[in-house]
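Single-structure report; data block below.
Since the structure is predicted, the reported quantities are computational estimates derived from the model, not experimental observations. The basis for the numbers below is simple: all heavy atoms, side chains too, and nothing from hydrogens, waters or symmetry mates.
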Amino acid sequence: MRRLLLFFERFDWILLIAVLTLTSIGLVIIYGIGVSREPNNLFPFYKQLLALGIGVIAVTTLSFLDYRQLRSLSVICYLAGLVALIGVLFIGREVNGTRGWFGLGPLSFQPVEFAKITLIVYLATFFTRQGHGRLLWRVFAQSAVATFIYVGLVMLQPDFGSAMVMVGIWGLLCLFAGLPKRALIVIPTIALIAGGFLWQFGLRPYQKDRILAFTHPQQVDIRGSGYNAAQARIAIGSGGWLGKGIGEGSQARLRFLPEAGTDFIFAVVGEELGFVGITITIGLFGLVLYRFVQLAQDTGDDFATLLLIGMGSVFFIHLFVNAGMNLGVVPVTGIPLPFVSSAASSLTIGYLMIGLAESVAVRRRFMNGVIGGTP
């Protein structure tokens with residue numbers, strides 16, 4: 001009984017409540033989109049509820065398990081993610097020109113979301129084993145190879161947005177682990193060369209059009225490549241302070257706003273809940289990221305610190321890109337808003353990350369074997 005009380009005392013309830021609140025906002029918006037259209041379509045809402053149920057089970061289970069066991073499984077995790085990314089290229093389901101889903105009847109799962117967390121576990125373990133201080137160039141290069149194997153496979157789907165998220169995860173983990181000397185000179189040079197190569201040979205025409213629409217807004221055809229971003233800004237602007245009400249957003253209801261429940265749900269939040277709704281949503285994300293930072297500071301385990309930084313970076317990058325493309329400050333790409341968008345794979349993996357964070361939380365000051373065993 002005492003161990004159970006100590007467990008609940010250390011459980012980060014603020015983090016969990018913030019995430020559940022974000023999910024509730026998403027469910028309300030997704031339900032409103034479903035009932036406002038003719039004919040009604042509540043399948044995305046029910047699928048999101050199912051993913052939430054799986055996520056809650058994952059949080060409960062993982063919080064009782066010892067996250068430190070992942071260190072010995074890091075290579076297996078990496079290989080599992082690798083197999084999933086290769087497998088989806090051959091037997092995956094194609095949606096909107098991207099072969100990135102495993103299908104089971106009406107349900108589907110996007111393995112790239114799973115691969116993000118396997119990459120984080122592998123890199124956190126790899127960097128932890130290198131000790132403190134700056135990374136050696138050899139270690140830096142090895143981590144880059146491991147990351148860009150994943151990135152290359154994701155680009156073959158093609159999923160440019162998720163590939164860049166993986167690059168961002170690696171970059172932030174390298175930054176916190178300690179970049180090699182002169183890295184701030186060498187890395188931008190390599191990035192420019194790689195960017196030019198990617199532009200010439202890696203991007204599809206529609207992906208180039210999205211980037212050009214962002215860099216040259218005055219030349220954008222708002223009925224073509226700039227349509228999505230233009231409609232998102234119209235939706236946000238029309239919401240005013242308090243919004244039009246759930247299911248009353250004309251951009252989503254009348255299908256002017258494409259992918260309203262997924263990539264552009266941030267715009268629907270702005271239209272239906274207004275500036276107040278957007279402020280609350282961003283504030284909740286800020287609270288989630290703050291709790292990740294606090295946990296990273298409180299734990300005395302380098303592996304846990306890097307694990308939390310990696311998972312927190314996923315939420316931060318997704319928030320920045322999704323909100324940014326809705327506001328017109330970054331190019332449009334297929335990145336869901338964590339816990340809010342109608343994306344069952346993203347929601348499930350998001351809660352899995354929360355479960356790992358809770359596992360760290362309940363063990364951060366229990367290295368004496370009271371909870372979770374001895375270190």
Practice item. Begin from the C-alpha positions of Asn326 and Leu337 and carry the test side chain to side chain contact (heavy atoms under 4.5 Å, CB included) through to its verdict. Key: CA-CA 11 Å; Asn326 277 263; Leu337 188 62; over 6 Å; no

**Study point:** Val112 vs Met166, side chain to side chain contact (heavy atoms under 4.5 Å, CB included): CA-CA, chis, key distance, verdict
**Key:** CA-CA 10 Å; Val112 70; Met166 289 182 170; 3.8 Å; yes

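Nearest heavy atom pair, residue Thr98 against residue Pro158, reads OG1-O, 3.1 Å. Scanning all heavy atoms of the two residues, the minimum distance from Met155 to Ala163 falls at SD-CB, 3.7 Å. Considering all non-hydrogen atoms of both residues, Gln48 and Ser341 come closest at NE2-O, 2.7 Å. Taking both residues in full, the closest heavy atoms of Ile354 and Val19 are given as CD1-CG2, 3.7 Å, listed atom of the first, atom of the second, then distance. Gln157 and Val88 make their closest contact through NE2-CG1, 3.8 Å (heavy atoms, listed as atom of the first residue, atom of the second, distance). Here the shortest heavy-atom pairing between Asp301 and Arg71 reads OD1-NH1, 4.4 Å.
Atoms CD1 and CG, from Ile54 and Leu352 in turn, are 11.5 Å apart once rounded to the nearest 0.5 Å. The CZ atom of Phe292 sits 6.0 Å away from atom CG of Leu308, with the distance rounded to the nearest 0.5 Å.
For Ser359 (side chain) and Tyr67 (main-chain N/O), a donor-acceptor pair under 3.5 Å exists by modelled atom type. Counting only distance, with no hydrogens or angles, the side chain of Arg10 and the backbone of Val360 share no donor-acceptor pair below 3.5 Å. Of the possible polar contacts, one joining the Asn322 side chain to the Asp263 backbone as a donor-acceptor pair under 3.5 Å is found. Judged purely by atom type and a 3.5 angstrom limit, Tyr122 has no side-chain atom pairing as donor or acceptor with the backbone of Ala146. Panel note: side chain Thr61, backbone Ala58; no donor-acceptor pair is recorded below 3.5 Å. Judged by distance alone, the side chain of Arg291 and the main-chain N or O of Trp13 form no donor-acceptor pair under 3.5 Å. No donor-acceptor pair closer than 3.5 Å links the side chain of His318 to the backbone N or O of Ile335.
Ring-centre distance between Phe127 and Phe176: not below the 6.0 Å cut-off. Taking the six-membered ring where the residue is Trp, the centroids of Phe316 and Phe285 are separated by 6.0 Å or more. Phe102 and Phe109 have their aromatic ring centers separated by at least 6.0 angstrom.
A tilted orientation is assigned to the rings of Phe315 and Phe339, their planes being inclined by 30° to 60°. In this structure, Tyr78 and Tyr150 have parallel ring planes: the angle between them is below the 30° cut-off, well short of the 60° mark.
By the salt bridge (charged side-chain N to carboxylate O under 4.0 Å, His left out) test, Lys244 pairs with Glu271, sequence neighbours left out.
Crowding of Tyr31 atom OH: a count of heavy atoms from other residues, nucleotides or ligands under 6.0 Å not exceeding 12. Around atom OH of Tyr290, no more than 12 heavy atoms belonging to other residues, nucleotides or ligands sit under 6.0 Å away. More than 12 heavy atoms of other shown residues, nucleotides or ligands fall within 6.0 angstrom of atom CZ in Phe148.
With Asp159 as the partner, the side chain to side chain contact (heavy atoms under 4.5 Å, CB included) test is satisfied by one option alone out of Leu153, Val154, Val165: Val154.
Applying the salt bridge (Lys or Arg N to Asp or Glu O under 4.0 Å) test to pairs two or more places apart or on separate chains, those with a residue in residues 100-119 are Glu113-Lys116.
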